[in-house]
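Bear in mind that the values here come from a model prediction, so they are computed numbers and not experimental data. Ligands are counted one by one from 1 in listed order, and the atoms in each one are counted from 1 as well.
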Amino acid sequence: MLVDSFGRQITYVRLAVTDRCNLRCFYCMPAEGIDYVPKNDLLSFEEMERMVSILTTLGVTKVRITGGEPFVRRDLMQFLRKLRTNSALEELHITTNGVLTGDYIQQLKDIDISSINLSLDTLDKARFKNITRRDEFDTVMATYGKILDQHIPLKVNMVVMKGKNEEDIIPMAKLSLEDNVSVRYIEEMPFNGTGTAHNVIDYKEIISVLEGEFGQLQRIEDPLNSTAYHYKAPYSKGNLGVIAAYSRTFCGSCNRIRITSEGTMKNCLYDSGGLNLRDLMRSGYSDKELSESLKKAIMGKHKDGWAAEANRQSQSFESMSSIGG
Ligand code: SAM
Ligand code: SF4
């Protein structure tokens, strides 16, 4: 099993299958001048499958596919189908921006994807273009509709930013009135390549905006190890979640690790990363040796994101597109 020095068992892995993306959300990536990882340095699907297989023997039951944008990686569906043959993997989720995803909804349904997280920061077409630097709002909304039509569990992720999309907090919440969707508000984190989050609105402010509209929200039970506080607006089909990603209030029960697109294992979003699994695999490590390396690396997991950040050697100029969110 993968257990850290605080007794937390790791059962959840977030796997970034690429650092490439077809949007340029300003809170995630610079507009241009991006240093993509050279193709050969990205983990191959075979390497990812092997890592997932080792991780499931160590007690991991849940994987989230993320990126960059997962669907810009060719043959993604084939890879997902392969992962689905691993019977120890109980849950397979995906986070996507929805631009290319619409064509794959039926196939995602066919492999019984556990849920889709769709990133959508606004319901206003012009603001969408400002935030993502691309004109794809209608495509993403069409994907939203297709996911609902197929009854695939759906969460919509909105990064809430001062002066950028605060006016969307309420319209987004209203999606949960009519649709069976979980709308999740995420505090902005400092992973846009500059090392600073410029427009943070904290979770308390977000809740107070919501309560200004709906009155006191009903607090509902959070799933085990959830990073979100969950609420329900009156008479709603879906629910609301608030993720204190910058305030880091949820680290105590952390059960996750991340694997970046170039195979670096990260114990925390805010640490500087450690073990490079790609290099170990390419230098001929056996499955047993990889398992031992993973177990050892987990012991380096810090108590929380604040400790992880304090222990970095240098400031982070990482982009979320290479870490995977
Ligand atoms: N491209 C896919 C997408 O956008 O859904 C998957 C990768 S993206 C890096 C994963 C998640 O990270 C998205 O929900 C995105 O909104 C979130 N994210 C990216 N940069 C962020 C930041 N600086 N602060 C908070 N969330 C961020
Ligand atoms: Fe691309 Fe997702 Fe980052 Fe937006 S948040 S630039 S869609 S990786």
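- Residue, atom and distance of the protein heavy atom nearest to atom 26 (N) of ligand 1 are Val159 CG2, 3.6 Å.
- The closest side-chain donor-acceptor pair between Asn192 and Thr194 falls under 3.5 angstrom.
- For atom 21 (C) of ligand 1, the nearest non-hydrogen atom of the protein is Tyr27 CD1, 3.5 Å.
- Selection from Val99, Val159, Asn97 by nearest heavy atom to atom 7 (S) of ligand 2 gives Asn97.
- Contact analysis leaves Gly67 out of contact with ligand 2, as no non-hydrogen atom separation drops below 4.0 angstrom.
- Residue Cys21: no N/O/S atom is found under 2.8 Å from atom 3 (Fe) of ligand 2.
- Here is the list of ligand 2 atoms found below 4.0 Å of a heavy atom in Gly68: 8 (S).
- The backbone N or O of Ala173 sits less than 3.5 Å from a side-chain atom of Tyr185, completing a donor-acceptor pair.
- Of the possible donor and acceptor atoms, none in the side chain of Arg14 sits under 3.5 Å from a partner among the backbone N and O of Thr66.
- Heavy-atom contacts of Gly325 reach the following atoms of ligand 1: 12 (O) (cutoff under 4.0 Å).
- Put simply, the side chain of Thr132 gets close to the backbone of Arg134: a donor and an acceptor are under 3.5 Å apart.
- Within the listing of ligand 2, atoms 6 (S) sit less than 4.0 angstrom from a heavy atom of Met29.
- Atom 3 (Fe) of ligand 2 has Cys28 SG, 2.4 Å as its closest protein atom, hydrogens excluded (heavy atom only).
- Under a 4.0 angstrom heavy-atom cut-off, Met320 registers as lying outside contact with ligand 2.
- Geometrically, Arg248 engages Tyr246 in a cation-pi contact, judged by NZ or CZ lying under 6.0 Å from the ring centre and within 45° of the ring axis.
- A distance-only check finds a donor-acceptor pair linking the side chain of Asn225 to the backbone of Ser253 [under 3.5 Å].
- Checking only distances, Asn117 never comes within under 3.5 Å of ligand 1, N or O to N or O.
- Within the set Gly98, Cys25, Ala16, the minimum heavy-atom distance to atom 6 (S) of ligand 2 is found for Cys25.
- With no hydrogens or angles considered, no side-chain donor-acceptor pair links Thr122 and Asn165 at under 3.5 Å.
- The ring of Tyr270 has its center closer than 6.0 angstrom to the ring center of Phe191.
- Using modelled atom types and a 3.5 Å distance limit, the side chains of Ser321 and Asp19 yield no donor-acceptor pair.
- Of the protein's non-hydrogen atoms, the one nearest atom 6 (C) of ligand 1 is Gly68 O, 3.3 Å.
- What sits closest to atom 24 (N) of ligand 1 on the protein, heavy atoms only, is Met189 N, 2.8 Å.
- The parts of Thr95 lying near ligand 1 are both backbone and side chain, judged by heavy-atom distances below 4.0 Å.
- With 3.5 Å as the limit, one finds a donor-acceptor pair spanning the side chains of Thr96 and Glu69.
- Ligand 1 lies within reach of Thr96, whose nearest heavy atom is under 4.0 Å from it.
- Here the shortest heavy-atom distance to atom 20 (N) of ligand 1, taken over Met158, Glu188, Met320, belongs to Met320.
- Checked by distance only, ligand 1 and Glu69 come closer than 3.5 Å through their nitrogen or oxygen atoms.
- With hydrogens and angles left out, the side-chain atoms of Ser247 and Asp202 include no donor and acceptor closer than 3.5 Å.
- In this structure, atom 8 (S) of ligand 1 lies nearest to the protein heavy atom Gly67 O, 4.2 Å.
- At the top of the distance list for atom 3 (C) of ligand 1, counting protein heavy atoms only, stands Ser119 OG, 3.3 Å.
- With no hydrogens or angles considered, no side-chain donor-acceptor pair links Tyr229 and Arg219 at under 3.5 Å.
- The proximity of Leu118 to ligand 1, defined as any non-hydrogen pair under 4.0 Å, does not occur for either the backbone or the side chain.
- Close contacts between ligand 1 and Glu187 involve ligand atoms 25 (C) [criterion: under 4.0 Å to a heavy atom].
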Trace of the side chain to side chain contact (heavy atoms under 4.5 Å, CB included) decision for Gln106 with Gln150: CA-CA 7 Å; Gln106 182 64 54; Gln150 287 291 344; 2.9 Å; yes
